[in-house]
Amino acid sequence: MSEGFDPLFSVRDKVVVVTGGFGQIGAEFVRELHGRGARVAVTSRREVADPSAELGIADPDGRLLAVAMDITDQQSVDAGFDRVLEAWGVPTVVVNNAGLDTQPSAPPEVSGPFEQFPAEVFREVVDTNLVGTFLVTQAAGRRMRDAGLGGSIVNVGSIYGMVSPVQDIYAYKAEQTGIPFIKPVAYSAAKSGLYNLTRYCATYWGRAGIRVNTLTPSGVRRDTQDATFQANYTARMPIGRMAEANEFNGALVFLASDASTYMTGSNVVVDGGWTAW
């Protein structure tokens with residue numbers, strides 16, 4: 001994606017942090033923002049020596065920075081932000097994209113029925129999806145405020161944080177394998193918490209010019225998904241198909257740019273109509 005001509009939607013020269021930026025949706029966010037001229041710090045738990053090669057994009061002017069960061073560890077989060085600050089200054093766009101979900105291929109010990117769902121798995125998922133987002137948002141907002149800068153923080157939610165999972169979609173697993181798959185409670189509970197975290201931070205930092213919004217995607221097509229799952233999911237989707245990973249980029253650019261300067265505490269839903277039922 002090359003830099004657009006409309007300054008309203010420009011992110012050129014903005015310093016951006018994208019957590020989980022080597023994942024399926026996160027990588028598309030990074031490619032889009034970088035292609036529009038932003039300087040993008042890409043975080044991941046693992047060390048990545050060459051982010052441009054990992055993402056398949058050219059970076060001749062050094063606008064990509066790989067940052068090892070465990071979002072569940074406050075010291076790691078602070079160290080990661082300090083590295084971005086040393087390289088480029090305080091980021092004014094932060095995308096909380098990193099998360100932990102349970103796919104239909106997951107083993108039964110992490111996808112069993114609510115009555116037997118392990119508390120330790122619940123804690124792990126909440127720690128990543130909610131506590132991790134809290135720690136990153138806290139670190140980002142503090143640095144923006146202390147520097148006297150405004151900014152935009154985008155928390156990536158989920159339709160399963162807005163509404164309950166449709167368990168019928170996954171019923172075929174028991175028929176095919178004899179082992180039921182129950183979409184777990186932990187992911188829904190953790191993602192639902194993001195919406196009030198977003199509203200809280202929006203009101204708390206509103207007069208400091210720090211905007212906080214949520215971007216809610218629906219299910220994304222993956223080659224690793226089995227055909228029955230895709231068919232069941234698509235049958236429930238008003239638009240008639242699952243999302244492609246790059247179809248949330250437009251909403252992200254809107255939230256990151258000056259096109260949304262009067263928007264905070266809101267939720268941009270890009271879900272193919274899932275929550276319209």
Side-chain angles (χ1 to χ4, degrees), residues 1-21 25-43 55 57-65 84-85 87-97 133 136-137 140-141 143-145 147-157 194-195 197-199 201-218 220 239 243-273 275-276:
M1 175 70 197
S2 60
E3 168 69 13
F5 294 103
D6 189 345
L8 187 62
F9 291 89
S10 176
V11 292
R12 179 172 289 279
D13 296 327
K14 288 183 181 290
V15 177
V16 183
V17 173
V18 180
T19 70
I25 296 178
E28 294 295 340
F29 287 161
V30 172
R31 294 184 188 108
E32 184 72 24
L33 294 165
H34 181 270
R36 289 174 173 267
R39 289 172 283 179
V40 189
V42 190
T43 85
L55 292 161
I57 55 178
D59 184 40
D61 48 356
R63 289 185 291 103
L64 278 180
L65 177 68
V84 177
L85 186 104
W88 296 327
V90 176
T92 56
V93 178
V94 173
V95 184
N96 279 306
N97 170 73
T133 299
V136 172
T137 300
R143 285 166 173 79
M144 292 176 190
R145 182 203 61 198
L149 298 173
S152 174
I153 298 173
V154 181
N155 297 326
V156 178
L194 290 183
Y195 296 99
L197 175 65
T198 293
R199 288 186 284 264
C201 292
T203 57
Y204 184 83
W205 282 322
R207 299 200 177 185
I210 301 168
R211 301 183 295 110
V212 189
N213 292 288
T214 309
L215 169 57
T216 297
S218 59
V220 180
I239 210 168
E244 297 299 325
N246 64 357
E247 291 191 288
F248 311 106
N249 289 352
L252 179 69
V253 170
F254 166 71
L255 292 172
S257 70
D258 287 349
S260 58
T261 51
Y262 198 62
M263 186 173 187
T264 195
S266 295
N267 178 26
V268 178
V269 182
V270 186
D271 70 348
T275 56

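- Judged by distance alone, the side chain of Asn213 and the main-chain N or O of Asn267 form no donor-acceptor pair under 3.5 Å.
- Of the residues listed (Thr198, Asn96, Val154), the one engaging Leu215 in a side-chain contact (heavy atoms from CB on, under 4.5 Å) is Val154, and it is the only one.
- Under a 3.5 Å cut-off, the side chain of Thr264 and the backbone N or O of Val212 do form a donor-acceptor pair.
- Not one N or O on the side chain of Arg145 forms a donor-acceptor pair closer than 3.5 Å with the backbone of Trp205.
- Rounded to the nearest 0.5 Å, atoms CZ (Arg39) and NZ (Lys14) are 11.0 Å apart.
- Shortest non-hydrogen contact noted between Val11 and Ala256 is CG1-CB, 4.1 Å.
- Contact of the Met144 side chain with the Ile153 side chain is registered, since non-hydrogen atoms from C-beta on lie closer than 4.5 Å.
- The minimum heavy-atom distance linking Tyr195 with Thr216 is given by the pair OH-OG1, 2.7 Å.
- In this structure, Arg143 contributes its side chain and Pro91 its backbone to no donor-acceptor pair below 3.5 Å.
- Judged as a side-chain hydrogen bond (donor to acceptor under 3.5 Å, both in side chains), and not counting sequence neighbours, Thr133 has no contacts.
- Minimum interatomic distance between Val95 and Leu252 (heavy atoms only, all atoms of both residues): CG2-CD1, 3.8 Å.
- Note: Ser260 OG to Phe254 CZ = 5.0 Å, rounded to the nearest 0.5 Å.
- Atom CZ of Arg199 sits about 10.5 Å away from atom CG of Leu194, to the nearest 0.5 Å.
- Between Thr137 and Cys201, the shortest heavy-atom distance links the atoms CG2-SG, 3.9 Å.
- Nearest heavy-atom pair across Met263 and Leu255 is SD-CD2, 4.1 Å.
- Here Leu33 contributes atom CG and Asn249 contributes atom CG; the two are 7.5 Å apart, rounded to the nearest 0.5 Å.
- Between Thr261 and Arg211, the shortest heavy-atom contact is O-CD, 3.3 Å.
- Side-chain contact between Leu64 and Val30 is present, with heavy atoms from C-beta onward closer than 4.5 Å.
- Taking the side chain as every heavy atom from C-beta outward, Asn246 and Glu32 never approach each other to under 4.5 Å.
- The shortest distance between side-chain heavy atoms of Val15 and Val84 falls below 4.5 Å.
- Thr275 meets the side chain to side chain contact (heavy atoms under 4.5 Å, CB included) test with Ile159, Met162, Val163, Val269, Asp271; sequence neighbours excluded.
- Checked by atom type and distance alone, the side chain of Thr19 pairs as donor or acceptor with a backbone atom of Asn97 at under 3.5 Å.
- Considering only heavy atoms from C-beta on, Val156 stays 4.5 Å or farther from Phe248 through its side chain.
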